[in-house]
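Notes follow once the structure below has been shown.
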Protein chains: 2
Amino acid sequence: MTSLRKVADYAKVSISTVSRVINNVPLVDPKTRQRVEAAIRELNYVPNRVAQRLRSSARKGLIGLVLPDIQNPFYVDVIRGVEAYAYQHNFAVMIGNFGQNETRQKLYLDIFKSEAVDGLIVAPSQGENRHILDAIAEGFSVVCIDRGLGDVDVDVVKVNNRKGAFTATEYLIELGHRRIAHIAGLSHIPTTTERVGGYKAAMEKHGVDVIDELVRYSKSDYESGAAIMQELLDLAERPTAVFAANNLLTLGALKTIYDNDLIVPDDISIIGFDDMYWSVSLNPPLTAVQQSGYDIGNKATELLIQRVGAAARHSTNVIFETTLVKRKSCKKLTRN
Amino acid sequence: MTSLRKVADYAKVSISTVSRVINNVPLVDPKTRQRVEAAIRELNYVPNRVAQRLRSSARKGLIGLVLPDIQNPFYVDVIRGVEAYAYQHNFAVMIGNFGQNETRQKLYLDIFKSEAVDGLIVAPSQGENRHILDAIAEGFSVVCIDRGLGDVDVDVVKVNNRKGAFTATEYLIELGHRRIAHIAGLSHIPTTTERVGGYKAAMEKHGVDVIDELVRYSKSDYESGAAIMQELLDLAERPTAVFAANNLLTLGALKTIYDNDLIVPDDISIIGFDDMYWSVSLNPPLTAVQQSGYDIGNKATELLIQRVGAAARHSTNVIFETTLVKRKSCKKLTRN
DNA sequence: CTGAAAGCGCTTACAG
DNA sequence: CTGAAAGCGCTTACAG
């Protein structure tokens with residue numbers, strides 16, 4: 001590949017000058033600049049990002065994105081949002097998918113640090129996320145998505161979980177449902193607490209008792225969704241509606257429902273947190289609380305890049321609203 | 001972050017020696033090595049990958065993965081396969097998702113080159129992929145997945161498309177179907193040609209006429225799947241079964257089928273190329289030709305890393321077989 | 001406005 | 001077996 005040296009020789013200037021035109025440093029004679037630009041074009045020169053990153057103290061042009069589960073369509077949307085903003089601003093993105101495995105999360109974090117990223121966008125997982133705290137302590141800029149880091153002061157971009165869950169639950173209540181189950185995530189995660197909170201608030205607002213056996217906590221994955229749905233169906237008195245706390249849980253629950261030859265929404269109504277572009281290919285089309293992973297990823301990247309190179313800034317919280325997309329998986333309860 | 005220098009001082013050796021123990025160069029006194037290793041541990045030293053990459057001529061520990069569409073679950077599996085192999089061998093991976101946009105594909109390729117990757121894993125898109133050819137010409141190692149690059153001599157890891165399509169079609173024929181539609185991809189892509197080839201071969205083998213209006217080519221996305229399915233349903237004589245050439249097309253077709261209040265498989269049978277882990281959450285569970293994106297990604301990475309540092313080697317083609325997963329979206333045709 | 005020089009953190013011949 | 005030195009391709013004070 002062509003180097004600064006070659007361009008400099010070709011344009012008959014020093015490498016300093018070439019570097020200056022590349023970095024848009026203003027104090028370059030317009031004529032010189034033109035000559036250099038021509039050389040760059042002719043030699044098809046592209047700066048070596050590795051050397052730039054090693055040398056530059058300010059802006060390295062690299063962001064690390066650390067995600068718990070790339071199989072979750074929500075995170076795929078996040079990736080798209082991050083990518084779009086980052087590449088528009090000439091930042092590259094490295095993606096680390098740790099699959100809920102803390103050791104692997106540390107592996108990625110180490111690699112990203114060692115790649116001298118400008119900063120990290122992280123979706124904290126279940127644990128205490130000590131490794132993320134370490135990164136912050138070492139001075140890396142961090143933006144959290146989906147949820148924060150306890151009482152640590154970081155930027156976080158998330159969604160109004162409580163309100164989203166509230167709306168979903170209220171919708172079910174208005175449809176006449178009373179035995180509404182909630183398949184929740186792990187009990188100690190903020191996201192879970194907030195969504196359960198919204199669920200309970202809606203129930204209370206409408207004077208519906210919250211029944212303990214109908215609220216079940218578990219890991220947020222496909223298998224758990226399927227297993228919990230089965231427990232729910234095995235109950236002496238079944239729920240007439242289910243609100244699942246995320247898309248994997250929803251998909252798992254759906255599998256179990258169909259395995260039991262039950263019909264949605266005639267036998268049971270279901271509403272999911274998280275929407276997919278193919279929710280409409282489900283039969284019936286899924287009613288869902290939609291949160292935009294794309295917007296979240298995009299905003300998180302904006303905040304991170306803003307932080308890079310800029311002076312320290314107070315941390316911000318950006319909270320997006322969800323929207324309830326009514327399709328056909330929920331039905332008015334007539335009997336009862 | 002700690003540097004080689006600090007470790008060297010701490011262990012009272014030169015940086016050369018520290019570098020040697022890090023890179024497992026054998027000629028280091030065991031005692032010295034131990035002392036250095038202790039220092040590394042105590043100072044929590046992690047080598048700076050950027051400096052390593054800038055300096056080292058052999059192995060840079062970075063792979064670029066260039067994908068046409070991260071929203072396609074198949075590519076998500078590919079990513080998982082690549083990641084698993086790469087990180088096990090201490091390679092990091094940068095992912096570029098160009099969304100079928102050639103300009104953006106070039107952008108990623110440029111960035112990856114400029115990041116001094118060891119090599120590229122690429123899923124060629126519709127076009128001529130001039131940019132990929134450029135990269136090869138410049139000396140970058142490239143492994144193609146999903147399909148090759150015309151007559152260019154590169155490693156490619158793919159699936160036996162013809163046989164997979166043949167099996168799917170034959171299955172439908174054995175179920176008694178004769179009017180079997182095929183929603184194909186873009187006509188000039190090898191993958192499409194192969195799958196259409198398998199479809200036709202099965203038809204011919206069983207003496208079923210291939211009807212032109214039942215074989216329709218289009219972009220391989222969700223919207224196209226939906227649109228083509230509608231065309232098919234609008235035909236004077238509808239197909240009784242559909243074989244869709246990939247998962248996005250299948251999902252789109254499903255949407256249209258349900259929009260038309262048709263029942264799968266009673267009104268129409270459907271089988272898709274590509275399986276998803278949640279295919280079983282579809283109602284009815286989808287019958288599909290399964291190809292393992294994970295295996296493909298894994299193998300491609302193995303080939304690429306093998307190529308890195310090793311002497312030039314003849315290019316290989318690895319072709320995985322597909323497996324037909326029979327679920328409930330296809331039904332025996334009784335009337336007719 | 002421009003260039004010479006130092007240096008980012010490593011690896012790798014070259015001596016010894 | 002170990003160290004001093006050069007250099008990967010850049011950026012950035014420092015002089016002029």
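Every chain is numbered from 1 and lettered A, B, ... according to where its sequence line falls, protein lines coming before strand lines.
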Counterpart base for dC14(C), defined by Watson-Crick or G-U wobble contacts under 3.5 Å: dG3(D)
If you compare every side-chain N and O of Tyr45(B) against the phosphate oxygens of dG9(C) (OP1, OP2), does one of them come in below 4.0 Å? no
Round to the nearest Å and state the distance from Lys12(A) atom NZ to dG3(C) atom P. 12 Å
note: Leu54(A), atom CG; dC8(C), atom P; distance rounded to Å ~ 9 Å
Ordered by number, residues from residues 13-33 of chain B within less than 4.0 Å of DNA chain C (heavy atoms) are Ile15(B), Ser16(B), Ser19(B), Arg20(B), Asn23(B)
Between CD of Gln52(A) and C1' of dC8(D) the distance, given in whole Å, is 14 Å
How about Tyr277(A) and Gln71(B): does a side-chain donor come under 3.5 Å of a side-chain acceptor? no
Mind listing the closest non-hydrogen atom pair of Val154(A) and Val142(A) along with its distance? CG1-O, 4.2 Å
About how many Å separate CG of Asp110(A) and CD of Glu115(A), when rounded to the nearest 0.5 Å? 12.0 Å
What integer distance in Å separates Lys60(A):NZ from dT12(D):C1'? 14 Å
Does Lys219(A) come within less than 4.0 Å of Asp221(A), counting only side-chain N to carboxylate O? yes
In whole angstroms, the gap separating P of dG9(D) from CG of Leu43(A) amounts to 15 Å
How long is the line joining CZ of Arg5(A) and C1' of dA6(D), in whole Å? 16 Å
Lys/Arg N to Asp/Glu carboxylate O, Glu302(B) vs Lys299(B), below 4.0 Å: yes
Whole angstrom value for the distance that separates P of dG3(C) from CG of Leu4(A): 13 Å
Rounded to the nearest 0.5 Å, how far apart are CG of Asp295(A) and CG of Asp77(A)? 9.5 Å
Between C1' on dC10(C) and CD1 on Ile40(B), what's the gap in Å once rounded to a whole number? 13 Å
